[in-house]
Amino acid sequence: MPRRLLVTAALPYVNGHIHLGHLVEYIQTDIWVRFHKLVGNQAVYICADDTHGTATMIRARQEGRSEQAIIAEMAAAHQADFAGFGIAFDHYGSTDSESNRQLVHRIWAALRAAGHVVERDVTQLYDPKAGCFLADRFVKGTCPKCGAADQYGDSCDKCAATFSPTELKNAVSTLSGATPELRSAKHCFVRLEPFRAFLKEWTASGTLHPDMARWIANTFLVDELRDWDVSRPAPYFGFEIPDAPGNYFYVWVDAPVGYIASTIDWCAKNGDDWKRWWEGGGAEIHHFIGKDITYFHTLFWPAMLRTAGIDLPAKVHIHGFLTVNGEKMSKSKGTFIRARTYLDHLDPQYLRYFYASKLTARAEDLDLNLDEFAAKVNSDLVGKVANLASRTAKFVPRLAASYPDDGGLFARGAAEADAIAAAYEAGDFAEASRRIMALADRANEFVEQAAPWALKKDPAKAAELERACTVSLNLFRQLCVYLAPVLPGLAAEASHLLGAPIAAWGDAQRPLAGNAIAPFQHLVARVDPAKLQAMIAASAVESPAAAPAAAAPVDDGAALAAEPLAPVCTFEDFQKVDLRVARVVAAEEVPKAKKILKLTLSLGGDQQRTVFAGIKTAYKPEQLTGRLVVFVANLAPRQMSFGLSEGMVVAAGPGDAEIFVLSPDAGAKPGQRVH
RNA sequence: GGCACUGUAGCUCAGCGGUUAGAGCGGAGGCUUCAUAAGCCUUAGGUCGGCGGUUCGAUUCCACCCAGUGCUACCA
């Protein structure tokens, strides 16, 4: 009984081009889908462009055209890029569709009816220049959790923390460069806390890799789940909320619903009923996503589906990020490589194979080391697999009329089918590749021993030659069947070479006999290092001209916006705080603390105080000893796990590397009060 | 500090309660010349992070420790 699989990859955002990082996911998913189709399951690969949000609206405004024009242009670009890599969606839709609007309405009505929607005022960042509230992705600043700079307003790609844009430090509008200000507006929220028990069970029920299930259980699900802000006030490009006019659904509401809407559109084209896939039809729903959007797919999304009576995903497959040469992709180093740029220089099969050889079921980051990439592709694809055909296909015009005795080689390869299939099924493509390459090694050993080139010289051994070639070409074909999910192009060429289509996983079980052999053509070229270099060069963006030296300082309002002024206090209030000049007489690291330094401060004479200060991320102890600082002398002592802290040292900055300890001008003496 | 994951040959990684721990790549030596300078053979003497425990027997299970990574805590 074939399984019915509804498979999705995350919807790429309409505003950007596809790059090699995206492709990890689309290739991974494509391989998984192709595998299932090959084994005879009914698999549907659904994707779409994620179109809504402020970003699209602003871009349309800037370029003086409609959102729809942008969507059409980018949809074409995305699909061309995907097609270039052999990624074969069954349907590629758009979240800006009527089917999506209707479905969002339906799910919203269900959330309302279930009493999960609450409304309250939200203070949000507002761009006074652009005249609109700022979407998460349109605010950049410093991550409040880890201090990484240049992060978007919804999550940190450094530490994967999620937060709200108002939590961002040093926020700046990427639209206008203006410092955002705070404004209030009414928002709709979906309550998630009622789902916690359900989510706890669901995420632990095999829908996620155990590592990820644990991670979610230990992070998000330990505390009360915060209400989810699902609306944005106009102007906003998206679907208006039917019962809250002037408000629009936040893009993360309608984006995942787009999985279903895109299925609906596919069904409409094919005379199918979408409910067979999403509502009690017995289909398995599989989502492939990156670990950065785990939150949305394993908490919000199941809650929405459950409320609306739609099937829950059978499995959420989560992968890690792509690094290139061991580092985050970098525009200046030329490792931020667009799909199109890659296609301009290199064969997409290389990348499909390399990713496959590295992907496992775990959400580990995948490193594209370019030297390893070239070595692996050349060794495996060219040296082992393609070479097998290349070295035997030219000797004989056709395969032997019956498959000869090969000492059990083909049978041993056929017996690997289940193990390789299990590896594909589990998402452990690395293991599948290893097993396949092991078979390729055995096949090459066979050729070596049979030495068809020697047999060719002796006309009396023509039959033996034919047998040797029949075996090696069948072994080659067997490999191509196993590799077909990864390398559909190679499988097609192998089909052509031997005049027999590779159409099913079972084709690896039956050797061919008697087939005519087509004239041999090169199957896979070696990786040309010059082209690799050219690709890097084409991707490298010269780093922006070094900022004009010693330019006048620009005091933007980011810091103030990130932390608005406190309410007025009286002079008497201020006087309560006794600030003193102090000298750091000793600074030392505290065992087991990542952020804390232990400071011994002198107030003059024999007066000393011990302070534990959270400045270790920005200062080394030796930088501090001897210098003067400003010290809150009358702060109530605080017992910390490291010891008693008798006050605090005054500092500014958002944290992490950006901490600036205050010091008085020269001449001040320890013990003097700051007035 | 807590939670999780990882720690196996120069590199990338398999493996796993049981004979002398494996593969690929790289390196070294040899063979071959059919093939896209591909292939085959030999070789790497690695405390399987450390220390204990369970066991007839552990790289494989358990405890603890160390290191790396991620999240999290300490910032009065």
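Quantities reported herein were computed from a predicted structural model and do not represent experimental measurements. Quick note on labels: first sequence line is chain A, next is B, and so on, each numbered from 1.
Residue A/Arg362 places at least one side-chain N or O under 4.0 Å from the OP1 or OP2 atom of B/U6. Considering only side-chain N and O atoms, A/Lys394 lies under 4.0 angstrom from the phosphate OP1 or OP2 of B/U36.
Nearest nucleotide to the side chain of A/Thr219, out of B/A35, B/C40, B/C71: B/C71. In the set B/A76, B/C34, B/C25, the nucleotide with an atom closest to the side chain of A/Lys457 is B/C34. In the set B/U36, B/G39, B/C5, B/G39 carries the atom at the smallest distance from any side-chain atom of A/Arg391. Side-chain proximity of A/Arg526 to the nucleotides B/G24, B/A38, B/C13 is greatest for B/A38. For A/Ala375, whose side chain is taken as the heavy atoms from C-beta onward, the closest listed nucleotide among B/C25, B/G39, B/C5 is B/C25. Candidate nucleotides B/C34, B/C25, B/U36 were compared by shortest atom distance to the side chain of A/Trp453, and B/C34 ranks first. Closest contact between the side chain of A/Glu448 and the listed nucleotides B/C34, B/A14, B/U36 involves B/C34.
Ring-plane geometry between A/Trp252 and A/Phe296 is classed as parallel, the angle between the planes falling under 30 degrees on a 0 to 90 degree scale with a further cut at 60. Using cut-offs of 30° and 60° on the angle between ring planes, the pair A/Phe35 and A/Tyr424 is parallel.
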Between the protein and nucleotides 28-30 of chain B, which nitrogen or oxygen pairs come in under 3.5 angstrom?
none

Between the protein and nucleotides 10-12 of chain B, list every N/O to N/O distance that falls short of 3.5 Å.
from: B/U12; atom 1: O2'; to: A/Lys358; atom 2: NZ; distance (Å): 2.8
from: B/U12; atom 1: O2'; to: A/Glu372; atom 2: OE2; distance (Å): 3.4

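Here the separation of B/A67 from B/G22, taken at their P atoms, is 32 Å to the nearest Å. Atom name P, nucleotides B/A9 and B/G15: the rounded distance is 15 Å, in whole Å. B/G2 sits 8 Å from B/C65 when the P atoms are compared, rounded to a whole Å. Taking atom P in both B/C11 and B/U47, one finds a spacing of 13 Å when rounded to whole Å. Separation of the C1' atoms belonging to B/U54 and B/C66 is 23 Å when rounded to the nearest angstrom. Rounded to a whole angstrom, the distance from the C1' atom of B/A21 to that of B/A44 is 14 Å. A gap of 24 Å separates the C1' atoms of B/C61 and B/G68, to the nearest Å.
Taking the charged nitrogens against the carboxylate oxygens, A/Glu364 and A/Lys358 have no contact shorter than 4.0 Å, which rules out a salt bridge. Here A/Asp405 does not pair with A/Arg467 in a salt bridge; the nearest charged N to carboxylate O distance is not below 4.0 Å.
Nucleotide B/A23 holds its P atom 11 Å from the CD atom of A/Glu445, rounded to whole Å. Taking atom CZ of residue A/Phe321 and atom P of nucleotide B/C71, one finds them 10 Å apart after rounding to whole Å. In this structure, A/Asp371 places its CG atom 13 Å from P of B/G27, rounding to the nearest Å. Taking atom NE2 of A/His209 as the reference point, atom P of B/C5 lies 9 Å away to the nearest angstrom. Whole-Å rounding puts the A/Glu327 CD to B/U69 P distance at 15 Å. Atom pair A/Leu455:CG and B/U33:C1' shows a separation of 15 Å (rounding to whole Å applied). Separating the CZ atom of A/Phe446 from the P atom of B/C40 is a distance of 14 Å, rounded to the nearest angstrom. Counting to the nearest Å, the C1' atom of B/C75 and the CG atom of A/Leu635 are 12 Å from each other.
Map A/Glu431 and A/Ile596 each onto its nearest nucleotide of RNA chain B; the residue landing nearer the 5' end is A/Glu431.
The side chain to side chain donor-acceptor pair (under 3.5 Å) test applied to A/Arg442 returns no partner, not counting sequence neighbours. Legend: residues meeting side chain to side chain donor-acceptor pair (under 3.5 Å) with A/Asp573, ordered by chain and number and at least two apart, are A/Thr570.
Ring centroid separation for the pair A/Phe288 and A/Trp32 comes in under the 6.0 Å cut-off.
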Bracket notation of RNA chain B in which parentheses pair within the strand, [ ] cross earlier pairs, and | pairs with another strand (Watson-Crick or G-U, under 3.5 Å): (((((((..((((....[...)))).(((((.......))))).....((.((..]....)).)))))))))....
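A/Val524 is not listed as a side-chain neighbour of A/Val385, based on a closest heavy-atom distance of 4.5 Å or more.
Contacts classified as side-chain hydrogen bond (donor to acceptor under 3.5 Å, both in side chains) and involving residues 470-489 of chain A (residues at least two apart or in different chains) are given here: A/Thr392-A/Ser472.
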